[in-house]
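Every heavy atom of this structure was used, including side-chain atoms; hydrogens, water molecules and symmetry mates were not. Proteins get letters first, then strands, A, B, ... in listed order; numbering begins at 1 in each.
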Number of protein chains: 4
Amino acid sequence: MKEKMTEQAVRLFDQKGFTVTSIQDIVESIGVTKGTFYYYFSSKEELLKEIHMRYIDGLLSKQERILEDDSKSFREKLFDIIHLSIVDIKEQGASAKVFFREMRHLSHKSLDQIEPKRDMYRYNIEKLLKEGRKSGDFRNDFDVSVVAFGILGMMNWSYQWYKPDGAKTDEEIAGTFVDMVLKGIQPQ
Amino acid sequence: MKEKMTEQAVRLFDQKGFTVTSIQDIVESIGVTKGTFYYYFSSKEELLKEIHMRYIDGLLSKQERILEDDSKSFREKLFDIIHLSIVDIKEQGASAKVFFREMRHLSHKSLDQIEPKRDMYRYNIEKLLKEGRKSGDFRNDFDVSVVAFGILGMMNWSYQWYKPDGAKTDEEIAGTFVDMVLKGIQPQ
Amino acid sequence: MKEKMTEQAVRLFDQKGFTVTSIQDIVESIGVTKGTFYYYFSSKEELLKEIHMRYIDGLLSKQERILEDDSKSFREKLFDIIHLSIVDIKEQGASAKVFFREMRHLSHKSLDQIEPKRDMYRYNIEKLLKEGRKSGDFRNDFDVSVVAFGILGMMNWSYQWYKPDGAKTDEEIAGTFVDMVLKGIQPQ
Amino acid sequence: MKEKMTEQAVRLFDQKGFTVTSIQDIVESIGVTKGTFYYYFSSKEELLKEIHMRYIDGLLSKQERILEDDSKSFREKLFDIIHLSIVDIKEQGASAKVFFREMRHLSHKSLDQIEPKRDMYRYNIEKLLKEGRKSGDFRNDFDVSVVAFGILGMMNWSYQWYKPDGAKTDEEIAGTFVDMVLKGIQPQ
DNA sequence: GATGAATGAGTCTTCATTCAT
DNA sequence: AATGAATGAAGACTCATTCAT
């Protein structure tokens with residue numbers, strides 16, 4: 001039940017936004033009453049927090065599995081991480097959008113638990129870039145932090161336009177992105 | 001007065017979000033009464049639309065001024081556009097965030113006026129890439145549309161993290177972004 | 001201008017009702033601004049009172065012209081009065097509907113001026129019936145007051161259903177009503 | 001509770017009119033809060049519709065009970081129907097006034113449900129007149145539709161002036177009305 | 001586990017009215 | 001004679017939340 005509610009909530013928050021979606025909307029969509037909601041959640045905000053937690057924890061653990069795989073080069077890891085972010089849209093797109101869009105509606109208390117994880121995700125990319133430098137995979141003359149933000153921007157913005165059933169496969173998009181990041185777009 | 005209201009609204013919508021900001025909040029912040037708001041705007045949504053219009057029209061015209069300047073190469077134009085998006089955060093950051101975040105609260109009628117302009121902005125970037133190919137500024141082997149989305153992602157995401165009074169200047173950030181896009185991050 | 005405003009107001013009050021029609025609606029329909037309204041009327045209620053006055057005064061004077069005509073029998077006068085009420089709908093229908101429907105929105109002060117006139121209209125009919133009795137035009141065995149209310153009901157209700165451009169002429173309807181009142185509907 | 005609310009609403013709508021009566025007025029008069037109102041009704045208009053339905057359904061079923069009684073002549077049925085309309089004022093007067101006065105505030109959707117019933121009521125009277133002709137109870141030389149409107153006018157107008165605790169009994173009034181309708185007011 | 005009834009604070013919006021110009 | 005800006009009170013409606021059952 002709690003599971004079902006959370007899933008419906010993600011769907012509705014994605015479609016209509018957190019503030020605009022009422023508890024009534026959520027419970028109606030699964031055929032129970034408002035009382036039931038408050039049996040499982042202490043507040044609307046708690047539900048939102050749960051959604052955030054579930055998303056960022058999942059994402060982080062997938063990212064860490066990639067980073068820990070020592071059989072791969074840093075370039076390959078970078079590809080995997082970018083690829084993951086595209087692939088993930090298929091099943092986590094709604095959650096992702098809710099995550100980035102509705103974070104502001106979390107309480108400070110909740111934010112304190114979630115922001116460090118979100119930052120960790122970015123920090124891991126910075127770390128990957130730094131380690132790739134030492135190994136010679138990446139150049140030495142760029143600002144790691146800005147480039148990390150750039151990569152993140154490319155990845156996160158894809159939630160806004162990427163349609164999983166569109167013309168391009170996730171492989172193609174991730175490939176283009178990685179190419180762009182590694183080799184640039186000008187002739188060499 | 002209308003001007004003043006719009007500006008305050010942008011500030012508040014940026015800080016607290018469109019739905020959470022009440023008309024009361026807006027009028028209180030400039031010391032008038034609710035009636036006054038409805039003297040100038042027919043609805044909260046109209047105000048939001050006005051904000052969107054003002055932002056996208058301004059952005060488009062700045063972009064077009066860059067694109068029309070024939071004394072510059074395509075690479076330089078790309079730099080200027082990316083640079084613009086960072087510089088713009090200083091004065092238009094709040095509007096930009098409202099633009100991307102609250103578009104969903106526009107009516108269909110308003111969206112029909114705004115979406116084409118937003119798409120035009122992206123389309124202009126695609127065009128720049130295509131023309132740069134012909135001139136030899138850019139390589140021929142990438143997907144223009146995906147790369148355009150990638151560049152847009154980098155630029156638009158910067159609204160989320162860039163602090164105009166931070167350690168890096170806008171020149172530096174734009175420089176890093178353009179370097180990254182042109183030459184990539186791997187050794188050549 | 002005042003004239004024009006009153007006429008538009010009648011039209012709108014008839015169509016949408018007094019409460020639902022705003023001053024804004026009225027002034028917009030003739031292309032002036034709200035200030036202008038308050039130049040001519042001290043309040044919305046005063047306008048309503050003016051409409052009531054104009055209507056009941058006109059009706060009363062027409063009724064009195066009929067009653068004073070000594071060349072006609074009482075039966076003929078009854079016909080004329082009923083006929084008048086139907087004919088009047090063509091040009092005064094809107095005013096009449098406003099009169100009966102919106103009287104409740106008058107202040108006590110206004111009501112004190114209007115109710116006596118409205119009662120006078122009914123009282124004149126009672127007087128006609130009483131005089132017709134003495135002359136032998138009407139029977140002696142009915143309750144004058146109730147019959148007067150009955151006749152008034154027939155007449156006033158016609159505002160609700162009579163369409164001036166319908167199949168029956170006002171002559172026909174008045175004729176049927178008078179026949180019904182004089183001879184009844186059962187075989188004699 | 002819903003019952004109680006509806007009854008209070010009828011009382012208030014009768015006294016002050018639909019538009020002027022606020023939800024606040026209604027809930028205050030029974031000591032609950034506004035939220036409670038919206039727990040039972042989806043809108044003010046729905047409440048009005050419910051009042052209309054309840055009234056016209058009740059009236060129609062009483063009328064039909066009279067019409068179906070084959071032990072009575074058509075003249076007796078006519079008396080019963082007119083009598084009913086007067087008697088009814090005692091308990092349904094407020095509802096009746098609200099019905100006729102506030103119908104305009106119903107939505108088109110509601111009107112579509114109610115107008116046919118209101119028309120049915122009138123149609124039943126026309127039918128009674130037509131059948132009474134065949135049986136010889138009524139004359140053949142009058143316009144059935146206009147006479148029906150005339151009778152309806154007499155009956156419905158009585159809501160405006162009849163005071164149940166006045167000097168005349170409902171029997172007397174109905175008697176006068178039926179006499180007037182059947183035999184007319186002129187000597188035979 | 002779940003419901004149904006109720007709350008009360010808050011939201012957007014409307015509108016008659018005022019008044020300086 | 002008319003306008004435009006502003007007010008402020010009130011209105012319908014929404015919604016997260018509570019709680020007895």
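Taking a pair to require two hydrogen-bonding distances under 3.5 Å in either a Watson-Crick or a G-U wobble arrangement, E:dT21 pairs with F:dA2. Summarising the base pairing, E:dC12 is matched to F:dG11 through a Watson-Crick or G-U wobble pair whose two defining distances lie under 3.5 Å.
Distance A:K2 NZ to E:dA2 P: 13 Å, rounded to the nearest Å. Going from atom NE2 of B:H105 over to atom P of E:dC12 covers 12 Å, rounded to whole Å.
Taking the six-membered ring for Trp and the full ring otherwise, the centers of A:W157 and A:F100 sit at least 6.0 Å from each other.
Listed pair D:T33 / E:dT7 meets the phosphate criterion, a side-chain N or O lying under 4.0 Å from OP1 or OP2. At the phosphate of E:dA5, neither OP1 nor OP2 sits under 4.0 Å from any side-chain N or O atom of D:T36.
Remark: B:T21, B:S22, B:I23 in residues 12-25 of chain B come within less than 4.0 Å of DNA chain E through at least one heavy atom. Of the residues in residues 37-48 of chain C, C:Y39, C:Y40 come within less than 4.0 Å of DNA chain F through at least one heavy atom, sorted by number.
Using a distance-only test at 3.5 Å, with no hydrogens or angles considered, a donor-acceptor pair links the side chain of B:T21 to the main chain of B:G17. Judged purely by atom type and a 3.5 angstrom limit, D:R101 has no side-chain atom pairing as donor or acceptor with the backbone of D:A96. The backbone N or O of A:F99 lies less than 3.5 Å from no partner atom in the side chain of A:R118, so there is not a single donor-acceptor pair. Side chain of B:D119 to main chain of B:P116: no donor-acceptor pair is present (N/O by atom type, distance under 3.5 Å, no hydrogens or angles).
Judged by a 6.0 Å distance limit and a 45° cone about the ring axis, D:K44 is positioned over the six-membered ring of D:F18.
Between A:S107 and the choices A:E46, A:E45, A:K49, the side chain to side chain donor-acceptor pair (under 3.5 Å) rule is met once, by A:E45.
With DNA chain E read from its 5' end, the first of the two nearest nucleotides for C:K34 and D:G35 is the one closest to D:G35.
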Can you list the steps and then say if C:E3 with C:R54 is a salt bridge (Lys or Arg N to Asp or Glu O under 4.0 Å)? CA-CA 11 Å; C:E3 192 64 15; C:R54 164 192 296 234; 3.4 Å; yes
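Note on C:E50 versus C:K2: salt bridge recorded, some NZ/NE/NH1/NH2 to OD/OE distance being below 4.0 Å.
Taking the P atom of each, F:dT21 and E:dG1 are spaced 22 Å apart, rounded to whole Å.
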